[in-house]
Amino acid sequence: MDFDTLVHQPTRLQLFAYLYRYGESSFSEIVEELDMTEGNLASHMNKLEDADCVAVEKQFVDGSPQTTYRLTDHGREKFEEHVGQLEALIESLEE
């Protein structure tokens with residue numbers, strides 16, 4: 001069973017799951033909720049954006065810059081495929 005390392009890497013798996021559950025979230029919300037450093041989050045989000053798995057929106061809110069992320073359709077598909085592989089693995093262990 002080959003796992004997609006883009007999704008399977010622990011920090012990115014957390015990001016996929018978080019965005020899958022909550023839809024859209026700001027950079028600061030993700031840093032706080034997942035207890036990540038800003039540099040670590042930025043690095044992983046760049047990889048996900050390069051792979052067309054997250055969409056990034058930058059805007060000003062009350063005069064301050066805000067970056068918001070959401071999974072693209074491609075990102076949702078990759079996450080769902082990965083979850084399916086994990087479920088198949090668990091099922092194979094129960095046989």
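The only member of Leu13, Thr5, Thr11 that meets side chain to side chain contact (heavy atoms under 4.5 Å, CB included) when paired with Gln9 is Thr11.
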For residues 30-48, dump all side-chain donor-acceptor pairs below 3.5 Å to protein atoms at least two apart in sequence or in another chain.
from: Thr37; atom 1: OG1; to: Asn40; atom 2: N; distance (Å): 3.1
from: Asn40; atom 1: OD1; to: His44; atom 2: NE2; distance (Å): 3.2
from: His44; atom 1: ND1; to: Arg12; atom 2: NH1; distance (Å): 3.1
from: Asn46; atom 1: ND2; to: Ala42; atom 2: O; distance (Å): 3.2

For a quick test of your reading: what N or O donor-acceptor pairs under 3.5 Å do the side chains of residues 79-91 make, sequence neighbours left out?
from: Glu80; atom 1: OE2; to: Tyr20; atom 2: OH; distance (Å): 2.6
from: His82; atom 1: NE2; to: His8; atom 2: ND1; distance (Å): 3.1
from: Gln85; atom 1: NE2; to: Asp2; atom 2: O; distance (Å): 2.9

Anything under 3.5 Å between a donor and an acceptor, one on a side chain of residues 65-73, the other on a protein residue two or more places apart or in another chain? List them.
from: Thr72; atom 1: OG1; to: Asp52; atom 2: O; distance (Å): 2.7
from: Thr72; atom 1: OG1; to: Cys53; atom 2: O; distance (Å): 3.3
from: Thr72; atom 1: OG1; to: His74; atom 2: N; distance (Å): 3.4
from: Thr72; atom 1: OG1; to: Gly75; atom 2: N; distance (Å): 3.0

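With hydrophobic clusters built from ILVMFWY side chains whose heavy atoms lie under 4.5 angstrom apart, Leu6 shares a cluster with Val56. With hydrophobic clusters built from ILVMFWY side chains whose heavy atoms lie under 4.5 angstrom apart, Phe16 shares a cluster with Tyr22.
In this structure, Glu29 and Ser25 approach most closely via the heavy-atom pair OE1-OG, 3.0 Å.
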